[in-house]
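Below: the structure, in structure tokens.
If you read the sequence from its start, that first residue is 1, and numbering goes on from there. What you see is a predicted model, and the numbers here were worked out from it, not measured in a lab.
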Amino acid sequence: MGTSTTSTTTTTTTTTITTTNPSPPPQPPEQLLQTITNILISETNPLDRLTPYIHHLTPAFILSLLSTTNPLASRPQVLLSFFRWCQTHLPIFSHHPSLPLFALLKLLPNLFRFSKFSDAKSLLLSFIASDTRHELHRHLLHPPGHLPPPSKAFYDIAIGAYVQSGQRHLAHQIFKKMKKRRLRPKLLTCNTLINSLVNYPSSHSLALCREIFVDMGKLGVSPNVNTFNILIKGYCVEFKFKDALEILNQMGDFGCVPDNVTYNTILDSMCKKGRLNEARDLLLDMKNKGLFPNRYTYNILINGYCKMGLLKEAARVIGLMTDNKVLPDVWTYNMLIDGLCNEGRIDEAFRLRDEMEKLKVLPDVVTYNTLFNGCLKWRSSEEAFELLDVMSDKEVKKNAVTHNIMIKWFCKVGKIDEASNAIQKMEDDGFAPDSVTYNTLIDAYCKGGNLAQAFKMMDEMARRGLKMDDFTLNTILHTLCAEKRVDEAYLLLNNASKRGYILDCVSYGTLITGYFRDEKEDKALEVWDAMKEKDIIPSVATYNSVIGGLCKLGKTDKAIEKLNELVESGLFPDETTYNTIIHGYCWEGKVEQAFQFHNKMVESSFKPDVFTCNILLHGLCNEGMLERATKLFNMWISKGKDIDAVTYNTMISALCKGGRFEDAFNLVKEMEEKKLGPDDFTYNAVVSALNNAGMLKEAEEIMTKMAETGKLREQPAQIEMVEGAATCNDREHPDSGSAAYSEKINQLCSEERYKDAMTVFEEATEKGITMNKTTYFTLMNGLIKMRKSISIGAG
């Protein structure tokens with residue numbers, strides 16, 4: 001009976017403890033350690049049984065239990081479970097200033113000893129996320145003397161964790177600490193760090209990558225193909241082909257053989273930049289090395305040719321694909337459809353889509369987005385929006401790009417309200433507006449002169465956590481240049497560079513165009529030289545900016561030097577390049593040289609267009625070579641080439657000035673039959689010539705006809721009055737309140753108190769006060785300065 005009673009009492013007591021969790025009586029440290037150890041190694045719910053001991057688990061006890069000298073040191077999984085239990089159940093764990101870090105430092109050596117690297121990294125990621133004061137990072141760089149220094153494994157895992165947490169600059173500092181201690185990192189650690197710098201580039205990323213690569217050699221870490229491929233990608237992202245090819249050639253020195261990824265990375269970048277000659281040479285080198293182009297290689301080349309409008313060459317590559325038993329995929333077709341849409345060949349693009357379906361290569365959202373964009377550009381909007389219904393019928397879901405195409409079109413046709421509604425529809429469909437959406441609106445508002453709304457879009461973009469990228473910056477630069485505030489644009493460009501923006505040839509090209517427009521050749525070429533010094537490779541468009549600027553200043557021979565430089569760099573001149581040079585010669589009255597250049601370029605595959613014809617006709621007529629102009633005009637028509645109203649007006653004006661009114665009237669009639677006019681320019685040219693010839697009656701008849709057809713222009717005085725009124729309406733007249741707010745905002749921004757400036761701006765907006773344009777640009781510049789760049793973080 002006594003035994004039975006004791007047993008019952010024990011059972012009752014246990015039940016009571018489980019229910020009310022009374023704290024057991026205090027135990028000596030050694031006994032408590034043994035008790036907790038026994039609980040943790042028991043098989044039945046050990047963690048639940050720890051609850052009664054919560055108040056006995058002091059920081060000193062926890063650190064003792066997690067240490068490598070504890071009997072549980074050989075059971076890392078048990079210690080890991082205990083650590084995680086402490087994080088969620090012990091209030092002291094979250095309130096104590098140093099316990100979480102020191103507990104982590106006690107646990108990690110055991111995890112490393114038993115190769116529990118995945119668990120260790122998981123703990124580090126969790127800790128780093130809440131470590132706002134960077135205590136762990138400080139410990140890794142400057143460990144206290146009473147603790148053993150971090151191990152190599154600790155550093156390796158920590159670098160990976162900081163990279164994964166997006167804190168690449170802190171990871172790089174840990175790498176430098178390893179170098180200082182002569183600890184050899186794992187190859188994977190080095191590749192991870194370099195890759196993080198390449199994927200999130202800043203103005204100094206490549207220099208850091210190269211530094212890490214050199215340090216790898218000093219520490220005895222041999223690079224592999226992945227290391228070289230990552231470095232090559234970094235150089236290609238910034239279009240530094242010379243450096244990329246140098247890395248490619250160095251691979252053999254380290255016993256590494258380039259693979260398809262190596263070549264495809266460089267080929268892709270070259271094709272994006274239009275350097276197709278160099279791409280062809282590299283493809284040949286690839287084949288000579290025994291590598292066979294794969295589908296991705298062919299698609300890269302097809303994309304490059306399509307982007308340049310060389311669709312026949314793209315078709316030849318597809319022929320090579322099929323000859324080598326590599327079948328085109330949806331990406332291949334999408335690129336060809338994009339190339340056709342860019343040239344306005346919409347019917348052919350649709351036929352290609354139908355061909356895809358027959359070959360069981362199903363068109364995707366990219367296919368339909370491309371066709372949708374093409375229809376909006378070349379066809380009616382009704383046809384374009386009908387295509388969205390086809391998408392739904394085919395169960396192809398719209399994506400963010402579909403909505404952005406819509407918004408861009410609304411902005412292009414001036415329907416800003418519809419664009420705003422489209423953004424709401426975009427959000428209703430589950431897509432948040434992205435940088436492209438906001439950049440499109442910012443661009444539209446800037447072009448419309450609504451700088452206040454453009455700034456609001458920039459501010460909203462920042463509030464949503466979207467990075468103001470180079471497109472945003474280039475839009476503001478373009479607007480400043482259009483406002484003839486090129487020096488301000490230049491300051492903004494330099495400031496953006498210091499803030500970590502990766503400036504491109506568009507940024508510099510915008511300023512070059514602006515300075516040439518202001519006839520500041522020296523400043524334009526200074527910007528050109530600065531771009532080249534930064535190893536930013538000019539595009540064809542950038543060269544065209546310089547060539548056009550020089551030609552307008554009457555320095556066509558100097559422009560020819562830039563054309564030669566363009567060709568030597570491996571780029572293909574386009575129609576704009578050739579037409580600009582031809583126009584330059586005609587502008588200088590050197591019509592013979594213009595024709596010589598034209599003929600030479602035709603031999604080099606240049607296809608003259610209607611702009612070429614108009615430039616040459618204008619040049620001949622200006623120099624009084626009417627017969628030669630007539631001959632060129634008739635030859636152009638006989639070959640079935642396109643002409644426009646400008647072509648006819650040029651000839652009609654010249655014939656009238658030459659007194660050949662009958663021929664001029666015949667062209668007016670022909671122009672009317674082709675539905676190309678006549679327009680007010682045509683009538684004014686004829687009337688002016690008739691007046692000068694004293695043929696007032698004929699001039700009056702023409703004037704009457706103009707009035708009947710609604711083409712009679714207002715008198716110059718009336719025009720001046722209207723323009724003057726418009727100018728007055730558009731001009732800003734800030735009242736005293738506006739001036740006061742503007743002055744205050746400008747003052748705060750000069751002191752870099754941008755948040756305070758924003759508060760003042762919001763106050764002014766609530767009162768309905770309009771700022772002047774300078775203030776809006778000051779605020780925009782402030783938003784760019786507030787951007788958190790890697791360079792600032794690294795400091």
Side-chain angles (χ1 to χ4, degrees), residues 1-133 135-136 139 144 146-148:
M1 287 290 292
T3 304
S4 176
T5 304
T6 305
S7 177
T8 304
T9 305
T10 304
T11 303
T12 305
T13 305
T14 304
T15 304
T16 306
I17 290 172
T18 304
T19 305
T20 61
N21 293 330
S23 179
Q27 299 179 17
E30 295 80 5
Q31 186 180 342
L32 180 62
L33 183 62
Q34 187 60 52
T35 302
I36 299 299
T37 300
N38 290 337
I39 291 173
L40 289 173
I41 62 176
S42 65
E43 296 181 2
T44 54
N45 303 321
L47 296 177
D48 291 341
R49 294 168 59 197
L50 290 176
T51 305
Y53 294 91
I54 284 178
H55 298 295
H56 298 281
L57 302 182
T58 62
F61 177 82
I62 293 169
L63 296 178
S64 173
L65 186 70
L66 293 171
S67 71
T68 53
T69 58
N70 186 274
L72 289 175
S74 60
R75 299 186 180 219
Q77 207 61 45
V78 172
L79 290 178
L80 180 62
S81 299
F82 174 70
F83 179 85
R84 286 180 169 151
W85 179 87
C86 289
Q87 286 180 310
T88 56
H89 287 76
L90 295 186
I92 193 173
F93 215 82
S94 56
H95 299 146
H96 196 280
S98 58
L99 178 59
L101 174 62
F102 285 110
L104 179 69
L105 296 175
K106 287 286 186 181
L107 174 61
L108 285 174
N110 283 319
L111 297 180
F112 294 141
R113 190 152 60 97
F114 289 91
S115 300
K116 299 286 183 180
F117 301 117
S118 178
D119 290 322
K121 188 174 182 181
S122 176
L123 288 178
L124 287 175
L125 285 169
S126 176
F127 188 88
I128 290 168
S130 59
D131 186 18
T132 55
R133 298 175 62 187
E135 291 177 358
L136 174 62
H139 169 82
H146 65 279
L147 291 175

- [ ] State the CZ-CG distance between Arg133 and Leu101, to the nearest 0.5 angstrom.
- [x] 11.0 Å
Task: Considering all heavy atoms, the nearest Asn110-Ala73 contact - done: OD1-O, 3.6 Å
Open item on the list: So does Ser122 get a backbone contact from the side chain of Ser126, meaning a donor-acceptor N/O pair under 3.5 Å?
Closed with: no
Task: Straight-line distance of Leu47 CG to Ile39 CD1, nearest 0.5 Å - done: 10.0 Å
- [ ] Please report the C-alpha distance between Thr88 and Phe93 in whole Å, then the side-chain angles of each, then the deciding distance to 0.1 Å, and finally whether the side chain to side chain contact (heavy atoms under 4.5 Å, CB included) criterion is met.
- [x] CA-CA 8 Å; Thr88 56; Phe93 215 82; over 6 Å; no
Task: Derivation and outcome, side chain to side chain contact (heavy atoms under 4.5 Å, CB included), residues Thr58 and Ile92 - done: CA-CA 8 Å; Thr58 62; Ile92 193 173; 5.9 Å; no
Task: Steps toward side chain to side chain contact (heavy atoms under 4.5 Å, CB included) verdict (Lys121, Leu125) - done: CA-CA 6 Å; Lys121 188 174 182 181; Leu125 285 169; 4.3 Å; yes
Task: Shortest non-hydrogen separation from Leu79 to Leu72 and the atoms involved - done: CD1-O, 3.6 Å
Task: Test side chain to side chain contact (heavy atoms under 4.5 Å, CB included) applied to Pro97 - qualifying residues, sequence neighbours left out - done: none
TODO: Report the distance from atom CG of Leu105 to atom OG of Ser67, rounding to the nearest 0.5 Å.
DONE: 13.0 Å
Open item on the list: Going by the rule side chain to side chain contact (heavy atoms under 4.5 Å, CB included), which residues pair with Ser98 if we only count those two or more places apart in sequence or in a different chain?
Closed with: His96, Phe102
Task: Where His89 and Pro91 come nearest, the two heavy atoms and their spacing - done: O-CD, 3.3 Å
Task: Rounded distance (nearest 0.5 Å) linking atom NZ of Lys116 with atom CG of Leu80 - done: 8.5 Å
Task: Pairing residues for Phe127 by the ring-ring contact (aromatic ring centres under 6.0 Å, His included) criterion, not counting sequence neighbours - done: none
- [ ] Could you pull out the closest heavy-atom pair between Phe82 and Leu65, with the gap in Å?
- [x] CE2-CD2, 3.1 Å
- [ ] Can you see which heavy atom on Gln77 is nearest to which on Asp119, and at what distance?
- [x] OE1-OD2, 3.8 Å
Task: Worked verdict on Leu90 versus Leu99 for side chain to side chain contact (heavy atoms under 4.5 Å, CB included) - done: CA-CA 11 Å; Leu90 295 186; Leu99 178 59; over 6 Å; no
TODO: Please name the pair of heavy atoms, one in Phe112 and one in Ala120, separated by the smallest distance, quoted to 0.1 Å.
DONE: CE2-CB, 3.6 Å
- [ ] Please round to the nearest 0.5 Å and tell me the distance separating atom SG of Cys86 and atom CG of Leu57.
- [x] 6.5 Å
TODO: Output the distance between atom CG (Leu66) and atom CG (Leu104), rounded to the nearest 0.5 Å.
DONE: 9.5 Å
TODO: Could you tell me whether the side chain of Ser64 and the main chain of Ala60 form a donor-acceptor pair under 3.5 Å?
DONE: no
